[in-house]
Number of protein chains: 2
Amino acid sequence: MADGGNNGDGAGWVTMGEVAVRAGVSPMTVSRVLKEPDRVRPATRERVERAIAELGYVPDAAAGALASRQSRLVAALVSTLAGSIFASTIAGLGAALREAGHELLLGTTEYSSASEEALLRAVLGRRPDGLVLSAGQHTPAARRLLERATRGLAVPVVEIWQLPERPVDMAVGFSNFAAGRAMTAFLADLGYRRIAFIGVLGPDDFRGKRRHAGYVEVLAEQGLGPPRTFGSGGFGGSAGAGASVEEGAAGLAAVLERWPDCDAVFCGSDPIAFGAITEAARRGIAVPGDLAVAGFGDFDYAGDAGLALTTVRIPGERIGRETARLLLERKAGRLPEPVVVDLGFELVRRRTA
Amino acid sequence: MADGGNNGDGAGWVTMGEVAVRAGVSPMTVSRVLKEPDRVRPATRERVERAIAELGYVPDAAAGALASRQSRLVAALVSTLAGSIFASTIAGLGAALREAGHELLLGTTEYSSASEEALLRAVLGRRPDGLVLSAGQHTPAARRLLERATRGLAVPVVEIWQLPERPVDMAVGFSNFAAGRAMTAFLADLGYRRIAFIGVLGPDDFRGKRRHAGYVEVLAEQGLGPPRTFGSGGFGGSAGAGASVEEGAAGLAAVLERWPDCDAVFCGSDPIAFGAITEAARRGIAVPGDLAVAGFGDFDYAGDAGLALTTVRIPGERIGRETARLLLERKAGRLPEPVVVDLGFELVRRRTA
DNA sequence: TTGAAAGCGGTACCAT
DNA sequence: ATGGTACCGCTTTCAA
């Protein structure tokens, strides 16, 4: 219906100049209508807005970015999307950014045959206004790139999820160590004395190791004997949750063989806990009657209608939104200092412990 | 260590011009080293490459996009990241794109208070080389935008997951209808005669409705009586999986009340199946002894170490990679015709049916 | 309140 | 094999 009529080449995008011609103004005025409507006389503004609508004009963000030196792009690099670990965080981040007129560039390192450096390089080429990293995965080459990028805070960085001891810049998340402590202490308070731990403790998975360290410390403090740990090598990060379920099953079998008297198992993740519970059922072991099981993550299926798992809940979406907030604040010139935000976690007691 | 030394302002990025100066060549030669290395004499190329490394030069993609009219960006708009429905598809898509030098721009419509149109508009502003849509969610305003964008195939579009009857352009996925048929027929072959269906059949969730339609058709064909359907209103698309688990539990309760004699339940999704199985356990109903349960999706926890759920597996990652392939082929000028790729699905028999 | 000119950092195209 | 020049579409800056 409403069609410009000129520009018959078909595949082209409408430019600001074309809008300007149609509205009988200069391109600058069109630009102002878009960015600072108040500085344009209402009558003019209206004509321009009509031209924009009629032509279906959508401004070219790349051109805008080049001229204004603001990409309005935030890049998030996470290890994986699987297992819904980061899903809610990414969703929250994306939603908050979009509300502020920014877009989310997503990179996952999971299947990446290419190095983390290649990903980072590609992403930095986009000149993002912010960089979100799921911490603890920086290879040497990547670290060098990162340092160049953040030199003088050219690109603000937020490390999410696990709070790093020495943050690159800002950080939003929680302490896996504290969470590991909290759940272990909680189990101890419940009266369990022989608490085992099943988790992925491979060389790369330093988050799991932090949770485990918390577990070990509480055991020592409360005189609950030496740790009963079953740690698989794992694939680091957050390998497929399906694999974790199997590890949980295998882990419980191993634990029961070595420590047949144990009365509780703290699992490093909900999928692991799922596997452990399945294995317990297979052996006729009542949960929590004979054996209590606790998880970590509060995944979708952990609720009362599902596993009814006692676990630790991480405020994933809030981490995402808070990350967006910090990035935008920093960009706006407020918040010049690096900040570390601990959003904590929540113990959720259900029926397995 | 290796630092350019000039350009002391701190927050700036190294430009191609600076690299050129350092290497003693023109910017064009630097550009060639990056894009068509073969057309540069090895000695020159080496000098340029050294300059690039020493300066830590990362080309500005926005400038490149503007000049070349190629953003090397593919935008994917999905309803949600939760429940790991699209996670593997997005991961596969992103990985395949990156291998070809493209980046993934992600948009989710889930929490979006803004309309789908706003999202689409923001994304089109980036002039993506391709658009990936989880089908069936186009509002009128969005559809108009889409049509403008795809007019003359300016932006190739791939609709994923559910194969649309009238695709906008290309499509990669499977038929929910066929999948619904297949699982129902499979249950019938197994000897089940009174098969119920629990699913989300709200106004928005036309995918679930397609599966249900397949179920209904097979029932009729095989003379298995009228459908025994419990359909919740749902939130359309793929609302939180946690909610689905509860729906599964509630659904089974409702089904058993209305049709106490039923011997199998086909659930519209794995989370629903999870809830149904939980509810069955609560009632002392043996699965599959007293009641068979089948799901849809083959989520992480559906495996043998977990639910051991009989379900339908969708090749999520392959959908992502195939989507990338189509987009890149089309861009390369091959594949001028719209294509629809049916990647099918797989029946996975485990222990619940 | 509006416009003209000069880039932003690359690439296409045509010379050399 | 290499370089010069003219843009890509927008914003910044300054002038009117």
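In what follows, chains are A, B, ... by sequence order, proteins preceding strands, each numbered from 1. In this text the structure is predicted, and so the values were computed from the model without any measurement.
Residues passing the side-chain hydrogen bond (donor to acceptor under 3.5 Å, both in side chains) test with B:Gln70 are B:Lys331, sequence neighbours excluded. Every salt bridge (Lys or Arg N to Asp or Glu O under 4.0 Å) that A:Arg121 has, sequence neighbours left out, goes to A:Glu117. Under the side-chain contact (heavy atoms from CB on, under 4.5 Å) criterion, A:Ala67 pairs with no residue at all, not counting sequence neighbours. With sequence neighbours excluded, the residues satisfying side-chain contact (heavy atoms from CB on, under 4.5 Å) with B:Arg318 are B:Pro315, B:Leu343. Scanning for side-chain contact (heavy atoms from CB on, under 4.5 Å) contacts around B:Thr323 gives B:Leu93, B:Val132, B:Val158, B:Ile160, B:Val172, B:Ile319, B:Leu327, with sequence neighbours left out. In this structure, B:Arg45 has no salt bridge (Lys or Arg N to Asp or Glu O under 4.0 Å) partners at least two apart in sequence or on a different chain. In this view, B:Arg47 satisfies the salt bridge (Lys or Arg N to Asp or Glu O under 4.0 Å) rule with no residue, not counting sequence neighbours. Residues satisfying the salt bridge (Lys or Arg N to Asp or Glu O under 4.0 Å) criterion with B:Glu329, sequence neighbours excluded, are B:Arg334.
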Margin query: Can you build the contact string for nucleotides 4-16 of chain D? Use B for base contact, S for sugar-phosphate-only contact, and - for no protein heavy atom under 4.0 Å.
Written below: B---BBBSB----
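The outermost nucleotides of DNA chain C lying under 4.0 Å from heavy atoms of chain B, listed 5' to 3', are C:dG9 to C:dC13.
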Which pairs of donor and acceptor atoms, one on a side chain in residues 29-44 of chain A, lie under 3.5 Å apart (sequence neighbours left out)?
residue	atom	partner	partner atom	Å
A:Glu36	OE2	A:Arg39	NH1	3.4

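With a 3.5 Å limit on both pairing distances and Watson-Crick or G-U wobble geometry required, the stems of 3 or more pairs in DNA chain D span C:1-16 with D:1-16.
Each of B:Leu105, B:Val123, B:Asp169, B:Val74 was checked for a side chain to side chain contact (heavy atoms under 4.5 Å, CB included) with B:Leu131, and the lone residue meeting it is B:Val123.
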